[in-house]
Structures are given as structure tokens and as C-alpha cells.
Amino acid sequence: MQNQLKIYNTLTGEKEVFQSILENQVGMYVCGPTVYSDVHLGNCRTFISFDMIYRYLLHLGYKVRYVRNITDAGHLENDADEGEDKISKKARLESLEPMEIVQKYTTGFHEIMAKFNALPPSIEPTATGHIIEQIEIVQEIINKGLAYESNGSVYFDVETYNQENDYGTLSKRKIEDLISGTRDLDGQSEKRSPLDFALWKKASPSHIMRWPSPWSLGFPGWHLECTAMSHKYLGAQFDIHGGGMDLKFPHHECEIAQAKSFTGTNPVNYWMHTNMLTLNGKKMSKSTGNNLLPDELFSGDTTLLEKGFHPMVARFFMMQAHYRSELDFSFEALTASEKGFHKLMQGVKDLELLSTKEASTEDVDGLISSFYAAMNDDFNTPVLIAQLFEAVTIINKVKDGKSSLSKDDLNNLKSTMNALVFDVLGLNYIDVSDDSKLSSAMEIILELRKNARENKNWEISDLIRDKLNEAGIAVKDGKDGTSWSVNS
RNA sequence: GGUCCUGUGGCCGAGUGGCUAGGCAGUGGUCUGCAAAACCAUCUACAGCGGUUCGAAUCCGCUCGGGACCUCCA
């Protein structure tokens with residue numbers, strides 16, 4: 001079953017059977033956030049998608065080294081000579097040290113990812129912690145004649161590289177088209193070609209973040225850190241490199257060119273790209289302001305939402321779409337997912353209480369294979385979830401005595417569903433009744449209401465229910481007594 | 001302008017040649033003092049036009065619409 005996993009590889013444009021370089025081990029690198037402002041939900045979607053991928057690889061029994069960087073060195077705002085890096089710009093705006101900005105938003109990022117129940121990566125290296133490695137790579141590429149110094153900065157020579165390699169294979173671009181597409185750019189006198197990209201940049205006097213190098217007091221180019229850190233922790237060749245679609249070009253294309261120039265081999269076997277989370281049909285973006293922050297989603301403190309949603313609901317919402325599809329964010333869609341999420345979790349909970357019979361009337365083995373068939377087909381979580389809902393229907397039928405399961409089947413279903421729902425999809429129960437004092441108080445109130453109902457004093461019993469509902473506590477009369485829950 | 005992706009029922013969202021996706025909403029039912037919830041059942045699709053094929057949502061062409069990238073962005 002393990003060897004059936006197929007992954008869509010951006011490099012070939014096809015789903016390929018996944019074969020790791022080392023048996024039962026996987027090296028995976030994912031481009032992490034630039035920590036100069038709060039991560040928005042779109043950023044989170046990518047990291048949640050790769051969290052699911054990481055979790056599924058672990059579930060299949062792979063030993064995974066998952067490396068996700070923190071970009072804290074700051075990128076150029078543009079490629080012109082007077083560019084200012086984003087982190088120092090933000091530092092000026094907030095009157096903080098650059099590293100203070102980095103610390104603040106890194107902490108914030110970790111807190112948000114924890115709320116989404118994302119596992120931390122195995123290694124989370126920072127760009128500023130790998131300046132030496134980056135300088136070494138620049139030097140080596142210069143030695144090989146594929147980069148040149150110009151006025152204290154170093155640029156990668158794309159056209160020379162292209163003579164013996166294919167620049168643009170990942171993003172399916174031809175170098176001629178790229179050149180013709182950059183016709184009207186000026187102010188790039190330092191570069192031999194507009195396609196060339198910076199490996200090292202000389203710092204302007206106003207630039208705060210700077211390090212000594214053989215070429216100038218400066219800072220590394222935008223694409224270099226990922227090459228340095230993936231090479232250091234995963235080797236010259238590793239299994240999976242991931243990131244958002246928007247990084248495909250130029251970021252990942254440049255990474256391939258750099259790494260291949262540096263080591264002589266193609267760095268990555270499987271390139272994976274997650275699609276955008278859109279808002280109002282457009283990609284979420286920090287620069288355009290078309291975005292939503294996780295905390296706004298959780299609290300509902302935004303004009304976009306009538307109420308807040310629990311992180312687990314948001315995670316489930318994302319899992320209901322395939323990672324390579326665009327997903328549009330809306331209140332209606334979230335609301336639908338919230339109901340579905342509770343239905344699924346109730347089913348998983350009910351599974352624990354089912355009784356068994358001699359024989360099954362349901363094809364549990366077939367159902368379980370359908371779970372894995374979905375996941376092995378390029379991590380198709382929406383189909384997995386559809387199949388999990390089939391399982392919920394069966395669970396309900398067994399509960400009603402309309403179907404039966406053997407002991408073996410029940411145990412199989414239980415362990416598989418728990419593994420997929422909790423370990424792979426990374427969902428969790430939303431625990432709202434952990435306040436023991438509230439629970440005690442509710443016990444008393446419901447006891448009083450029960451007395452009223454037994455005396456057919458509907459006026460009192462309905463008053464209690466309605467007032468509690470107004471206070472955000474839903475009371476539901478069931479066959480086996482009354483239950484209550486705090487509205488999320 | 002160039003490269004690539006995409007258009008599914010009221011909404012979200014799977015599905016790449018023939019067989020019920022699924023969730024939400026709607027409708028009918030079960031349960032209930034009522035309500036809510038829950039459960040069961042069920043209706044509404046494949047942007048348009050043309051082509052290939054015994055057969056297409058699925059392949060090809062054209063038209064129209066949406067998006068991503070080409071500048072930092074998950």
C-alpha cells in the first residue's frame with residue numbers, strides 16, 4: 001500500500017509514483033514565511049497543506065526530515081539598485097530593531113500554526129543563521145564562471161547557465177520569452193542581462209542588515225537561503241521541495257539554477273506547489289491588503305464574517321479542497337464546513353461506543369481501501385473526507401441497529417479512522433466543556449429544568465432554554481436526557 | 001502582450017472516456033410537549049458551439065468568462 005503513493009510533480013507536470021532516494025526516508029524542504037508581518041490565512045493554507053503531507057508520509061511509515069525555513073534576512077523590495085529590504089523597512093516604521101521584528105513575527109507564526117494543530121518541522125533554520133554557507137555558495141558559483149561581481153554585488157549569469165542547462169524547466173518558460181518580456185526595465189546597469197538575479201547585494205548606507213563578504217558589506221540575494229539550507233540539511237539531492245504556486249517563478253527556478261551550478265546535480269526529485277487561497281476571487285496578498293488574518297477568522301472581528309470560526313473548522317475547510325486547487329474563502333463556505341466538521345467528529349466519537357455482532361453487513365475493508373486510494377492519489381483529502389462521511393453513515397446505521405459490524409471490522413475501522421482524522425488530517429475535537437465550574441452550574445440548571453418538564457411546566461423549561469441560548473449555550477433534549485454545548 | 005491553470009447542480013467542492021462523489025442549503029420522513037439537534041430518504045450539474053468516439057463533464061478545436069506568474073508575496 002505504501003508504494004502506491006503518487007505525487008503530482010510540477011517538474012514533469014504528471015502524477016508520479018513516489019520513490020524516495022533512501023528507503024523509508026524522506027527529505028522535504030518547504031519555503032517558510034518571511035517574518036516582517038503577520039502571516040495571513042493564505043500563507044497558512046500552504047503550511048497546513050504541507051503539514052498534512054508531512055503527516056501522511058509519517059503515517060505511511062517514512063522517517064521524514066522536514067525542513068522549513070524562516071526568512072529573516074529580508075528580501076529586496078525590488079531589483080533596482082536602491083532597494084530596501086522589507087525587514088529593515090518595517091523596523092524603521094515600528095522603531096524596532098530588525099531582529100525584534102523577526103522575533104515578534106516568528107513567535108506569532110508559531111502560535112498560529114499551533115492553533116491550526118500543525119506539527120513543527122524537524123528543522124526550522126533561519127537565513128541569518130546561514131550567511132557563511134550562502135557566501136560559500138556564491139564563491140563556488142563565481143569559481144565555476146556562472147556568476148559575476150558588479151559594483152560589490154554578485155549576480156547569477158542566467159544566459160551562460162542556459163547554454164548547458166535549461167533555465168525555466170520548472171515554470172515551463174523559455175528564456176527567449178523571458179527576455180522579450182523584460183524589454184522596458186531600466187536602472188539595472190549592474191546586471192549583464194535583465195534575467196540575472198542577485199546572489200549577493202551590496203548594502204546601501206541606509207540598509208541596516210548587513211554582513212561582511214569578499215565582495216562588499218551586504219546581504220544575500222533573495223533565492224540563495226533556500227539553496228544553502230536545503231543543501232546543508234538535506235544534501236545535494238533530496239526528495240520533495242514545496243511551496244506556494246507563486247514561488248514557482250522566479251524563486252524556485254532560481255533555486256534550481258543556483259543549486260545545479262553549485263553541486264552539479266538537480267537538487268530536487270519532486271517539486272510540489274500548493275494553490276492559492278483566494279478572497280473575493282483574488283489571491284490573498286500582503287502587499288495589496290486583500291487578506292484575512294487568522295485571529296480575525298477565529299474571533300470574527302472583521303467585516304467579512306458574521307461570526308468567528310474555530311481553527312479546526314478552518315483546517316477542515318481547507319482539507320475539503322485539494323491542495324492544488326484554488327480555494328475561495330467565504331462565510332457561507334466556512335459555515336457549511338463547520339456543520340460538516342461537527343458531523344464527522346460526532347461520527348468518530350460514536351464509533352467508540354458501537355457494539356459488535358458475529359458478522360458484518362458492511363464492506364469495511366473496501367471502505368478502508370477507498371481511504372488510502374484517495375490519499376495515495378496525490379493526497380486527495382476531499383475524496384478521503386467524502387469516504388469518511390460514508391463511514392459516518394455506516395456508523396449511524398450500526399448505532400440504529402440497521403447494520404452490524406464484526407469485532408475485527410470495528411477495530412479496523414476505529415484504528416484507521418482515528419489515524420486518518422487525527423494523525424493525518426490533523427483534526428481535533430473542539431473541547432468547549434472543559435470548564436468544570438460551568439459544567440457543575442449547568443448540571444444544577446438542567447436538573448431544575450428537568451423538574452419543570454416533568455411537571456409539564458413548559459413555560460419555565462422553555463424560559464431556561466431560551467435564556468441560555470441567548471447567553472450562547474444551546475440546550476438539546478434527546479432521548480437519553482438533555483445535552484448542552486457552548487456555541488462557537 | 002507572453003507562459004500556465006481553470007469554468008461542475010442554490011453555495012462550496014471531487015471526479016480525465018461508460019458505473020451514486022461528498023458537505024451545506026432545500027424537500028419528505030423518524031424522533032419530540034414544543035423547539036433545536038440528530039438520523040434516514042431525496043431533487044437540482046457538468047460555460048457555449050463544433051469535432052473525435054459505439055459512448056465525453058472527462059480527449060481535440062474555437063468562442064466567452066475567471067485566476068496565477070512574468071516585480072516582493074504561501
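Labels below follow one simple rule: chain letters A, B, ... track the order of the sequence lines, proteins then strands, and each chain is numbered from 1. Because only heavy atoms are used, hydrogens play no part in the values below, and waters and symmetry mates are left out as well, while side chains stay in.
- For the residue pair A:N9 / A:E14, no side-chain donor-acceptor distance below 3.5 Å is found, with atom types taken as modelled.
- As judged by a 4.0 angstrom heavy-atom cut-off over every strand, A:R465 is placed among the base-contacting residues.
- For the C1' atoms, the distance from B:A45 to B:C11 is 13 Å, rounded to whole Å.
- Ring-base stacking between A:W458 and B:G33 is satisfied, the centre separation being under 5.5 Å and the plane angle under 30°.
- For A:P382, counting side-chain heavy atoms from C-beta on, the closest listed nucleotide (B:A14, B:G33, B:C39) is B:A14.
- Taking only side-chain atoms of A:N43, from C-beta outward, the nucleotide of B:G2, B:G33, B:C73 with the closest atom is B:C73.
- Separating the CE atom of A:M319 from the C1' atom of B:A14 is a distance of 15 Å, rounded to the nearest angstrom.
- The existence of a salt bridge linking A:D166 and A:K172 is excluded, since no basic side-chain nitrogen approaches an acidic carboxylate oxygen closer than 4.0 Å.
- Distance check on atom C1': B:U3 versus B:U20 gives 39 Å, rounded to whole Å.
- Between the side chain of A:R173 and the base of B:C70, no donor-acceptor pair under 3.5 Å is found.
- Remark: A:K467 NZ is loosely packed, at most 12 non-hydrogen atoms of other residues, nucleotides or ligands lying under 6.0 Å away.
- Among the heavy atoms of the strands, none lies under 4.0 Å from A:K399.
- Only the C1' atoms considered, B:U27 is 38 Å distant from B:U63, to the nearest whole Å.
- Using a 4.0 Å heavy-atom distance criterion, A:G243 is classed as a sugar-phosphate-only contact.
- Stretches of at least 3 consecutive Watson-Crick or G-U wobble pairs, with each checked distance under 3.5 Å, appear in RNA chain B as B:1-7 with B:64-70, B:10-12 with B:22-24, B:26-30 with B:38-42, B:47-51 with B:59-63.
- Close to B:C73, at under 4.0 Å from its OP1 or OP2, lies no side-chain N or O of A:K283.
- Close to B:C12, at under 4.0 Å from its OP1 or OP2, lies no side-chain N or O of A:S330.
- Using a 4.0 Å cut-off between a side-chain N of Lys or Arg and a carboxylate O of Asp or Glu, A:D462 and A:R465 qualify as a salt bridge.
- Within the structure, side chain to side chain donor-acceptor pair (under 3.5 Å) pairs that include any residue of residues 381-393 of chain A comprise A:S370-A:Q387 (at least two apart or interchain).
- The phosphate of B:U3 has neither OP1 nor OP2 within less than 4.0 Å of any side-chain N or O from A:K174.
- Residue A:K339 has its side chain nearest to B:A37 when only B:C34, B:C69, B:A37 are considered.
- Here A:M276 lies in heavy-atom contact (under 4.0 Å) with a base.
- In this pair, A:H223 and A:H251 present their aromatic rings tilted. The plane angle is within the 30 to 60° band.
- Applying the 3.5 Å distance criterion, the base of B:G67 shares no donor-acceptor pair with the side chain of A:N275.
- When each of A:K456 and A:Q387 is assigned the nucleotide of RNA chain B bearing its nearest heavy atom, the one mapping closer to the 5' terminus is A:Q387.
- Contact between the side-chain N/O atoms of A:N380 and the OP1/OP2 oxygens of B:A14 is not found at any separation under 4.0 Å.
- For the C1' atoms, the distance linking B:U30 with B:C64 amounts to 48 Å, nearest Å.
- A 6.0 Å sphere centred on CD of A:E352 holds more than 12 heavy atoms belonging to other residues, nucleotides or ligands.
- A distance of about 24 Å separates the C1' atoms of B:U8 and B:A41, rounded to the whole Å.
- Atom P of B:A35 sits at a distance of 16 Å from the matching atom of B:G26, rounded to the whole Å.
- As judged by a 4.0 angstrom heavy-atom cut-off over every strand, A:H322 is placed among residues touching the sugar-phosphate backbone only.
- A distance of about 45 Å separates the C1' atoms of B:G28 and B:A68, rounded to the whole Å.
- Taking atom C1' on both nucleotides, B:C46 is separated from B:U58 by 10 Å, rounded to a whole Å.
- Within a 6.0 Å sphere centred on NZ of A:K6, other residues, nucleotides and ligands contribute 12 heavy atoms or fewer.
- Note on A:T34: a side-chain N or O is less than 4.0 Å away from OP1 or OP2 of B:A74.
- Nearer to the 5' terminus of RNA chain B, by closest-nucleotide assignment, is the contact made by A:F341 (compared with the other of A:K402 and A:F341).
- Here A:T393 lies in heavy-atom contact (under 4.0 Å) with sugar-phosphate atoms only.
- Taking only side-chain nitrogens and oxygens, A:K248 never comes nearer than 4.0 Å to OP1 or OP2 of B:A74.
- The listed nucleotides are B:A37, B:A74, B:G13; the one nearest the side chain of A:D246 is B:A74.
- If you check distances only, the side chain of A:D328 never reaches the base of B:C12 with a donor-acceptor pair under 3.5 Å.
- Checking each of A:F331, A:F341, A:F316, A:F298 against A:F309 for a side-chain contact (heavy atoms from CB on, under 4.5 Å) leaves exactly one that passes, namely A:F331.
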